[in-house]
Amino acid sequence: MDKQKKLRVFYSDISALRDRSDQPQLWEFLCCARQQKIKQCKNEDDRLRAFGAGLLLEYGLWQYGYTQTIPVGSPAAAELEQTGQTRSLQQVRFVYGKNGKPYLGTGQGERLPLMFNLSHSGTYVAAAFGTEDVGVDVELIRTGKQKIAQRFFAEDERKYLEKCWTDEAFTGIWTRKEAYIKAVGTGIAMSLDSFSTMEEQVGEYYLKTWNVERDVWLSVCRKGSAIERCLPEKIALEQVFL
């Protein structure tokens with residue numbers, strides 16, 4: 001399969017970055033918008049998640065030949081090319097859609113065919129990339145959420161959980177619903193009970209869920225075709241960037 005067309009999902013435990021997030025050499029890999037977002041976070045955990053998500057986004061872009069921050073022809077770009085991590089990098093920036101969803105574009109504002117989405121929970125961040133609309137959600141296990149399921153889930157999801165409630169089952173469904181909403185790109189305008197994720201297809205969109213770590217669930221959703229031969233790739237960001 002053409003690497004440019006392949007769906008790829010990355011995730012990382014960013015605990016090791018907690019004491020390193022103030023190192024200047026790491027901030028160089030974050031675009032100005034991401035740096036500003038981190039500075040606006042009100043507590044340390046939120047800053048860490050925003051920081052880790054930005055690094056994971058940049059890492060994922062490298063795999064497709066793009067970068068937000070590394071100048072073409074710079075020593076950093078040359079080093080990456082020599083180590084085989086990526087080919088020559090094309091610089092990109094964010095372009096925002098009508099609902100505020102970010103896309104990738106060139107300096108002239110042209111949208112690129114590569115789509116992406118980010119998620120974070122606890123000390124985990126996740127990113128998904130593909131040529132079609134894509135959404136990703138990573139969650140630590142959510143406990144005691146029966147009332148949320150009864151109030152906001154679709155009928156068949158509620159019935160399923162009533163028969164065999166576990167926090168793990170709830171968390172899996174929750175991540176699927178979040179990933180679907182993010183792939184569609186409508187945000188809070190879509191009601192959680194307006195669609196069911198009990199099957200791996202919801203209209204034009206397809207879902208996949210993994211229990212990637214103990215008490216950590218990850219779901220991805222993309223438009224157009226079933227998700228096959230795709231496994232989340234765990235990335236140690238502290239080893240990549242330091």
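What you see is a predicted model; the values in this text were computed from it and never measured.
Ring orientation note: the planes of Tyr180 and Phe195 are tilted relative to one another, at an angle of 30° to 60°. A perpendicular orientation is assigned to the rings of Phe29 and Phe241, their planes being inclined by more than 60° (bins at 30° and 60°).
With respect to Glu155 and Lys159, a salt bridge is recorded, a charged nitrogen being found less than 4.0 Å from a carboxylate O. Under the 4.0 Å criterion applied to side-chain N and carboxylate O atoms, Arg8 and Glu233 are assigned as salt-bridge partners.
Between Leu56 and Ile14 the shortest side-chain heavy-atom distance does not fall below 4.5 Å. Leu17 has its side chain within reach of Leu55: a pair of non-hydrogen atoms, C-beta onward, lies under 4.5 Å apart. In this structure, the side chains of Leu104 and Val92 come closer than 4.5 Å at one or more pairs of heavy atoms. In this structure, Ile173 and Tyr160 have side chains that are in contact, with non-hydrogen atoms separated by less than 4.5 Å. Taking the side chain as every heavy atom from C-beta outward, Cys230 and Val9 approach each other to under 4.5 Å. No side-chain heavy atom of Leu112 sits less than 4.5 Å from a side-chain heavy atom of Tyr64. In this structure the side chain of Phe10 reaches within 4.5 angstrom of the side chain of Tyr59, judged on heavy atoms. Thr106 places a side-chain heavy atom less than 4.5 Å from the side chain of Gln90.
The backbone N or O of Gly122 lies less than 3.5 Å from no partner atom in the side chain of Asp45, so there is not a single donor-acceptor pair. With Lys223 contributing its side chain and Val184 its backbone, the two residues share no donor-acceptor pair below 3.5 Å. Although no hydrogens or angles enter the test, the distance criterion places a donor-acceptor pair under 3.5 Å between the side chain of Gln35 and the main chain of Trp27. Under the 3.5 Å distance criterion, the side-chain polar atoms of Arg34 are matched with a main-chain donor or acceptor of Ala50. A donor-acceptor contact shorter than 3.5 Å links the side chain of Lys182 to the backbone of Val136.
Here the SG-CD distance, from Cys32 to Gln68, works out to 10.0 Å after rounding to the nearest 0.5 Å. A distance of 9.5 Å separates CG in Leu237 from CG in Leu26, rounded to the nearest 0.5 Å. The structure places CZ of Arg176 at 5.0 Å from CG of Leu207, a figure rounded to the nearest 0.5 Å. Rounding to the nearest 0.5 angstrom, the gap separating the OH atom in Tyr11 from the CD1 atom in Ile235 is 9.5 Å.
Residues Trp217 and Ile181 are members of separate hydrophobic clusters, defined by side-chain heavy-atom contacts under 4.5 angstrom among Ile, Leu, Val, Met, Phe, Trp and Tyr. Hydrophobic clustering (ILVMFWY, side-chain heavy atoms < 4.5 Å, transitive): Ile141 and Val138 are in distinct clusters.
A side-chain N or O of Glu58 and one of Thr67 form a donor-acceptor pair less than 3.5 Å apart. Tyr206 and Gln201 form a side-chain donor-acceptor contact under 3.5 Å, judged by distance and modelled atom types alone. Using a 3.5 Å distance cut-off with no hydrogens or angles, the side chains of Gln23 and Gln25 do pair a donor with an acceptor. There is no side-chain donor-acceptor pair under 3.5 Å between Arg18 and Ser15. For the residue pair Ser219 / Asp137, no side-chain donor-acceptor distance below 3.5 Å is found, with atom types taken as modelled. Using modelled atom types, one finds no donor on one side chain facing an acceptor on the other under 3.5 Å when comparing Arg142 with Thr171. Side-chain atoms of Ser196 and Asp156 include a donor-acceptor pair closer than 3.5 Å.
The two atoms that bring Leu218 and Pro232 nearest to each other are CD2-CG, 4.4 Å, heavy atoms only. Looking at every heavy atom in both residues, Ala128 comes nearest to Val220 through CB-CG2, 3.9 Å. Nearest approach of Arg47 to Ile38, heavy atoms of both residues: CG-O, 3.3 Å.
Under the ring pair (Phe, Tyr, Trp, His ring centres under 6.0 Å) criterion, Phe116 pairs with Phe94, not counting sequence neighbours. By the ring pair (Phe, Tyr, Trp, His ring centres under 6.0 Å) test, Phe170 is found to be paired with Phe153, Trp165, Trp174, residues two or more places apart in sequence or in another chain being considered. Listed by chain and number, the residues in a salt bridge (charged side-chain N to carboxylate O under 4.0 Å, His left out) with Asp46 are Arg49 (sequence neighbours excluded). Every residue meeting the side chain to side chain donor-acceptor pair (under 3.5 Å) condition with Thr197, not counting sequence neighbours, appears here in chain and number order: Glu157. Take Phe152 and apply the ring pair (Phe, Tyr, Trp, His ring centres under 6.0 Å) test, not counting sequence neighbours, and it matches no residue. Listed by chain and residue number, nothing satisfies the ring pair (Phe, Tyr, Trp, His ring centres under 6.0 Å) test with Tyr124 (two or more places apart in sequence, or in another chain).
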**OP:** Show your reasoning for whether salt bridge (charged side-chain N to carboxylate O under 4.0 Å, His left out) applies to Glu228 and Lys208.
**Re:** CA-CA 9 Å; Glu228 300 174 350; Lys208 202 75 171 180; over 6 Å; no
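More than 12 heavy atoms of other residues, nucleotides or ligands shown are found within 6.0 angstrom of CG on Asp22.
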